[in-house]
Engineer: 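My structure is below; once you've seen it, I'll send some questions.
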There are 2 protein chains.
Amino acid sequence: MPKATVERLPLYLQCLQAMGDSETTVSSDVLANIAGVNSANVRKDLSYLGSHGVRGVGYDRLELCVQLRRALGLTDKWPVVIIGVGNLGSALANYQGFDPSGFNVIGLYDADPSKIGDPVDGHRIKSMEELELDIKEHDVQMAILTTPAGAAQEVADMLVGAGILSILNFAPALLKLPDTVKCRQVDLATELQILSYYQATRTA
Amino acid sequence: MPKATVERLPLYLQCLQAMGDSETTVSSDVLANIAGVNSANVRKDLSYLGSHGVRGVGYDRLELCVQLRRALGLTDKWPVVIIGVGNLGSALANYQGFDPSGFNVIGLYDADPSKIGDPVDGHRIKSMEELELDIKEHDVQMAILTTPAGAAQEVADMLVGAGILSILNFAPALLKLPDTVKCRQVDLATELQILSYYQATRTA
DNA sequence: GTGCGCTTGTGAAACGAATCACGATGCCCA
DNA sequence: TGGGCATCGTGATTCGTTTCACAAGCGCAC
């Protein structure tokens, strides 16, 4: 499945879920308008799911959701860990969208001994030693990194050593990782700078 | 300038700044390795800056930083507002990277009356009425949206009305905006779901 | 039942971006 | 001062993605 398609599937899922139960069926055209993409593109993307829409009618909304979730590997909940419980880590810990999206935060971890034991959204912050044990015990494969930039690489190395295979990195640092590990970088400064470019060229 | 290039420029800037002052000069090859892209790609990207590297030597690191910042429109600081001071908004307000990246948070705003006046990182949370005034007074063009999903569209409409031209949206909602307004969406669930896909296909 | 309108699925074409390959060029050192 | 090495800049090529265009198919109305 093309990379570009994979990155749009969650978008479709979000659109379908946001539509509410009023519509039992969706056409590629309607979905395309909501998602802001071309309708042929939607159809081609969905064709990778082996999905069968009905000509003259469209796609069954609920069935399509199921197929999207299956394609994205969301049939079971993934256990995830959050490392670095600063402001951002706490914010993510409180995020209510994990469960409906298919994820289950099993623990929060921080290197700062003074934080350990503090309650955050029903969890108690745990130590880095426990992190390694928890990863192995629960067979965790996905981690969210919200440490300061300086600590990110060191923590990432540890995560990789413990068996983590996917990292969502919010730390403003580029991680050096083995290519068996998949990483996605989310960087506030980068996003703003991209907007800045378009803002600046707009006036020029 | 190609969209793909624009989205890499902040990455290059980050790499160059992270290199420290030890290196006065950088080759496309070195930069490419750090950034994780092809060196010909780096050269082509940098050639859009009108940058002149020196054959046999490379690029002057500091000069390149200046040119990148100029290309991205970061010569002056952009005033930005943050709307929605929940966990995530507070986290962003405390983010130390705004200033070095070229941005200046001029205010935090929330619809909840009980929050107004609360101090967050040297700011006091202000009301939505003040938001509109501040935008016009300071000629703010960029906004960061960290409200709950349900409020996002309404707030976005107001921002657009007040003159905002670029929105960085952390709310898990797709905004309907006039195409004069540029928006970038950052969505935790989406990112995790993309990772989930690769995680799932890895084992399959 | 038959025809018409809507919508899918998909080959073909167009587009944009990444990579390759190499000529051009400046620096360093003998 | 000249030769060799390192590196840039960029045309040509390849690759991946998007868009177009249309035949095929389904359902509904009459």
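Values below: all heavy atoms of this structure, side chains included; hydrogens, waters and symmetry mates excluded.
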Engineer: Quickly work out the A:L49 CG to C:dT8 P distance and round it to whole Å.
Structural biologist: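 Between P of C:dT8 and CG of A:L49: 14 Å.
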Engineer: How do A:G56 and A:S47 order along DNA chain C: which one's closest nucleotide is nearer the 5' end?
Structural biologist: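 Between the two, 5'-proximity favours A:G56.
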Engineer: Where each residue is assigned the nucleotide of DNA chain D containing its nearest heavy atom, which of B:V57 and A:V37 is assigned the position nearer the 5′ end?
Structural biologist: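 Here B:V57 is the residue nearer the 5' end.
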Engineer: Using modelled atom types only, decide if a donor and an acceptor are shared between the side chain of A:E137 and the backbone of A:E132 within a distance under 3.5 Å.
Structural biologist: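 Not a single qualifying donor-acceptor pair exists.
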Engineer: A:R43 CZ to C:dG11 P: how many Å, rounded?
Structural biologist: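 Going from CZ in A:R43 over to P in C:dG11 covers 14 Å.
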Engineer: Between B:M1 (CE) and C:dG16 (C1'), how many Å, whole number?
Structural biologist: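 Distance, rounded to whole Å: 16 Å.
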Engineer: Of the candidate nucleotides C:dC27, D:dC26, D:dT17, which contains the atom at the shortest distance from the side chain of A:K3?
Structural biologist: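 In terms of side-chain proximity for A:K3, the closest of C:dC27, D:dC26, D:dT17 is D:dT17.
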Engineer: Nearest-Å distance, CZ (A:R8) to P (D:dT19)?
Structural biologist: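 Answer to the nearest Å: 8 Å.
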Engineer: Of the nucleotides D:dA24, D:dC8, C:dA18, which one has an atom closest to the side chain of B:S27?
Structural biologist: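 The answer is D:dC8.
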Engineer: Quick one: closest heavy-atom pair of A:P178 and A:V160, and the distance?
Structural biologist: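 Answer, listing the atom of A:P178 first, then A:V160: CG-CG1, 3.8 Å.
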Engineer: Can you tell me how far P of D:dT17 sits from CG of A:N41, to the nearest Å?
Structural biologist: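 Going from CG in A:N41 over to P in D:dT17 covers 11 Å.
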Engineer: What is the separation between atom CG on A:D45 and atom C1' on D:dT19, rounded to the nearest whole Å?
Structural biologist: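 To the nearest whole Å, that distance equals 13 Å.
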Engineer: When all nucleic acid strands are considered with a 4.0 Å heavy-atom cut-off, which category describes A:S28: base, sugar-phosphate, or nothing?
Structural biologist: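 The answer is sugar-phosphate, as A:S28 gets under 4.0 Å only of primed atoms, P, OP1 or OP2.
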Engineer: In whole angstrom, what separates B:H52's NE2 from D:dT10's C1'?
Structural biologist: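 After rounding, the gap between these two atoms is 13 Å.
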Engineer: Whole Å only: how far is the CG atom of B:D29 from the P atom of C:dC20?
Structural biologist: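 Nearest whole value for this atom pair: 12 Å.
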Engineer: Counting just side-chain N and O atoms, does B:Y48 come under 4.0 Å of either OP1 or OP2 of C:dA17?
Structural biologist: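 Checking B:Y48 against C:dA17: no side-chain N or O falls below 4.0 Å of OP1 or OP2.
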Engineer: I want to verify a distance call: between C:dT10, C:dA18, D:dC8, whose nearest atom is closest to the B:R55 side chain?
Structural biologist: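 Given the options C:dT10, C:dA18, D:dC8, the side chain of B:R55 is closest to D:dC8.
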Engineer: For B:K77 and B:F103, which heavy atoms make the closest approach, and how far apart are they?
Structural biologist: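 Nearest pair, atom of B:K77 first, then B:F103: CD-O, 3.8 Å.
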Engineer: Please determine, for the side chain of A:N38, which listed nucleotide (D:dG9, D:dT19, C:dT8) has the closest atom?
Structural biologist: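 Minimum distance to the A:N38 side chain belongs to D:dT19.
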Engineer: On a plain distance test, is the side chain of A:K44 in donor-acceptor contact with the base of D:dT17 below 3.5 Å?
Structural biologist: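 By the distance-only test, no, there is no pair.
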Engineer: Would you check if A:N87 and B:Y95 make a side-chain contact, meaning some heavy-atom pair closer than 4.5 Å?
Structural biologist: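 Side-chain contact under 4.5 Å: no.
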Engineer: Using 4.0 Å as the upper bound for N to carboxylate O, is an ion pair formed by A:R61 and A:D21?
Structural biologist: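 Salt bridge flag = yes for A:R61 with A:D21.
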Engineer: Which of the following nucleotides, C:dT8, C:dG26, C:dA21, is nearest to the side chain of A:Y59?
Structural biologist: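 Side chain of A:Y59 sits closest to C:dT8.
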Engineer: Need one value for B:A40: base, sugar-phosphate or nothing, where a base atom within 4.0 Å counts as base even if backbone is also close, heavy atoms only.
Structural biologist: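 Touches a base.
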